[in-house]
2 protein chains.
Amino acid sequence: MTSSQKPVRKRNAEKTQQAILAAAQQTFFEKGYDGAGTRQIADRANVNVALINRYFGSKEGLFQQAILPELNIDFMLEGDMTDFGQRVAEMFAAKTGEKDFDPVIALLRASTSKEAIPMLRQTVEEQIIKPLAARLEGDSTHERASLIITQLTGYDLLNRIVNVQTTSSNGADDMTRLLAKTIQDLVDVV
Amino acid sequence: MTSSQKPVRKRNAEKTQQAILAAAQQTFFEKGYDGAGTRQIADRANVNVALINRYFGSKEGLFQQAILPELNIDFMLEGDMTDFGQRVAEMFAAKTGEKDFDPVIALLRASTSKEAIPMLRQTVEEQIIKPLAARLEGDSTHERASLIITQLTGYDLLNRIVNVQTTSSNGADDMTRLLAKTIQDLVDVV
DNA sequence: GCAATAAGTCAACACCTGATTACATAACAA
DNA sequence: TTGTTATGTAATCAGGTGTTGACTTATTGC
């Protein structure tokens with residue numbers, strides 16, 4: 001009876017904060033901002049609810065620290081822009097059916113929450129559109145970057161959230177090819 | 001004294017149902033599925049909450065009858081397809097800042113609700129993508145139609161919900177032009 | 001070992017949600 | 001006028017929300 005059956009985490013503020021952040025990331029990803037409850041996040045992190053407020057001030061504060069840093073476009077900008085369309089189209093096509101954490105889905109699921117929108121707006125602009133625009137040449141880089149992002153988020157929205165069958169029976173490759181072309185046309189100078 | 005001074009609605013099931021539907025449409029549009037409460041809808045319709053359940057069975061039933069029929073692209077398909085891109089791009093650009101009921105926004109706002117998604121999926125497929133695909137010529141019509149819809153919904157999402165500044169200071173016209181071109185390229189045979 | 005402090009727990013708050021119930025009332029037919 | 005049915009009302013249910021302050025417990029420095 002003396003052996004410690006239960007794996008009691010030793011008191012460690014930093015580690016419990018990490019546990020909360022990880023649980024929040026996963027839960028916000030799965031349920032969106034409104035759909036994710038603080039109790040649910042706390043349970044997932046094996047932590048008391050009140051600690052969320054202690055460490056992050058509020059649900060909003062937790063969201064800011066758990067999700068916003070993940071909203072960046074770095075993974076898409078690795079490599080040069082000549083095959084950006086193809087590369088990104090394949091990335092997004094490959095994500096179909098994927099269940100693991102994905103910042104784009106997290107963004108979409110949170111995007112209709114009154115509290116989350118103000119936080120998302122600045123983040124999308126600063127961490128996504130501007131960096132992409134900076135990699136484009138020619139005119140109207142901000143507009144072209146925006147259209148690329150709207151196309152990709154729209155694609156993820158219908159493909160992975162609403163779960164609409166975006167491809168007909170034989171057309172998965174067609175879809176990727178068309179998406180790649182659409183994106184690349186916006187990258188190349190018009 | 002016999003004259004009825006106060007504007008009590010005479011008992012009329014049909015009219016109160018219409019009032020509920022109208023209030024539901026507006027409220028779901030503004031707040032999304034989860035964000036719209038039954039009490040709020042009932043208040044707006046000047047009607048008791050219980051009547052929602054009496055007439056529509058549940059919140060879901062109300063959503064189905066209030067929103068789903070509005071999710072169609074008929075208004076985009078009026079006219080021929082040679083200037084579809086330009087026409088639609090202007091439509092969507094003009095909607096910026098618009099507050100009236102808009103089925104695309106209603107779709108987006110509802111798209112993050114677990115209960116709403118199954119209802120949305122079939123509707124988007126049957127009432128939006130298929131009719132558009134039917135108007136396209138050439139190959140991969142379903143895929144091209146899907147990409148057009150993903151681009152447009154993504155555009156509305158960032159432009160009108162997250163409210164990201166999709167255009168730089170001087171680029172509103174550029175934006176419309178680029179959006180028109182992107183869409184039309186998907187309409188024209190590839 | 002002991003006190004100080006950090007870490008974590010607990011119960012409750014005030015408020016909201018969708019749904020259901022018993023009940024009152026208006027409209028209409030016999 | 002009476003009885004019946006359609007229509008609307010108010011109270012209530014069981015559960016959920018984020019947040020708070022007081023409490024207990026573990027860890028650390030002396």
Side-chain angles (χ1 to χ4, degrees), chain A residues 4 6-24 27-28 30-67 109-110 112-119, chain B residues 2-21 23-24 27-28 30-67 109-110 112-116 119:
Chain A
S4 61
K6 55 166 135 160
V8 188
R9 182 178 26 234
K10 285 193 92 172
R11 291 191 169 193
N12 183 333
E14 195 178 336
K15 286 210 169 165
T16 64
Q17 285 174 38
Q18 294 302 327
I20 293 173
L21 282 173
T27 310
F28 281 132
E30 289 169 2
K31 314 244 181 158
Y33 184 84
D34 292 332
T38 52
R39 277 168 242 267
Q40 191 180 3
I41 294 171
D43 286 354
R44 191 171 210 153
N46 276 96
V47 142
N48 190 283
V49 212
L51 293 182
I52 287 180
N53 294 86
R54 175 188 286 284
Y55 289 129
F56 301 96
S58 65
K59 188 186 180 183
E60 287 197 24
L62 176 58
F63 182 81
Q64 283 182 31
Q65 295 198 40
I67 298 297
R109 291 228 170 92
T112 45
S113 167
K114 206 175 52 184
E115 290 91 8
I117 285 180
M119 305 189 255
Chain B
T2 55
S3 71
S4 60
Q5 276 290 41
K6 57 166 128 157
V8 187
R9 181 175 29 232
K10 285 191 93 173
R11 292 196 167 192
N12 183 333
E14 195 178 338
K15 286 210 169 167
T16 65
Q17 285 175 35
Q18 294 302 328
I20 292 173
L21 282 173
T27 311
F28 280 133
E30 289 172 1
K31 315 246 179 157
Y33 184 83
D34 292 333
T38 51
R39 275 165 243 267
Q40 193 179 1
I41 294 171
D43 286 354
R44 192 171 209 155
N46 276 97
V47 141
N48 190 281
V49 212
L51 294 182
I52 287 179
N53 293 86
R54 174 191 290 283
Y55 289 129
F56 302 96
S58 65
K59 188 186 180 184
E60 285 197 26
L62 176 59
F63 181 80
Q64 283 182 32
Q65 296 197 41
I67 299 296
R109 291 237 166 84
T112 45
S113 167
K114 204 175 53 183
E115 289 90 5
M119 306 188 252

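In what follows, every chain begins at residue 1, and chains take the letters A, B, ... in the order their sequences are listed.
Between Y33(A) and F63(A), the ring planes lie perpendicular to each other; the angle is over 60°, past the 30° to 60° tilted range.
In this structure, R39(B) CZ and N48(B) CG are separated by 9.5 Å, a value rounded to the nearest 0.5 Å. To the nearest 0.5 angstrom, I20(B) atom CD1 is 10.5 Å from T38(B) atom OG1. With rounding to the nearest 0.5 angstrom, the NZ atom of K59(A) is 7.0 Å from the CD atom of E115(A).
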Would you give a per-nucleotide map of nucleotides 13-26 of chain D, 5' to 3', where B means the base has a protein non-hydrogen atom under 4.0 Å away, S means only the sugar-phosphate does, and - means neither?
----BBBBB---BS
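Nucleotide dA6(D) holds its P atom 16 Å from the CD atom of E14(B), rounded to whole Å. Nucleotide dA10(D) holds its P atom 11 Å from the CG atom of L51(B), rounded to whole Å. Spacing between atom CG of D43(B) and atom C1' of dT17(C) amounts to 14 Å, rounded to whole angstrom units. dG8(C) atom P lies 13 Å from atom CD of Q18(A), rounded to whole Å.
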Side chain to side chain contact (heavy atoms under 4.5 Å, CB included) between D34(A) and D34(B), worked out:
CA-CA 8 Å; D34(A) 292 332; D34(B) 292 333; 5.7 Å; no
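Listed by first and then second residue, the salt bridge (Lys or Arg N to Asp or Glu O under 4.0 Å) pairs involving residues 43-53 of chain A are E30(A)-R44(A) (not counting sequence neighbours).
The residue F56(B) sits apart from the nucleic acid: no heavy atom pair falls under 4.0 Å.
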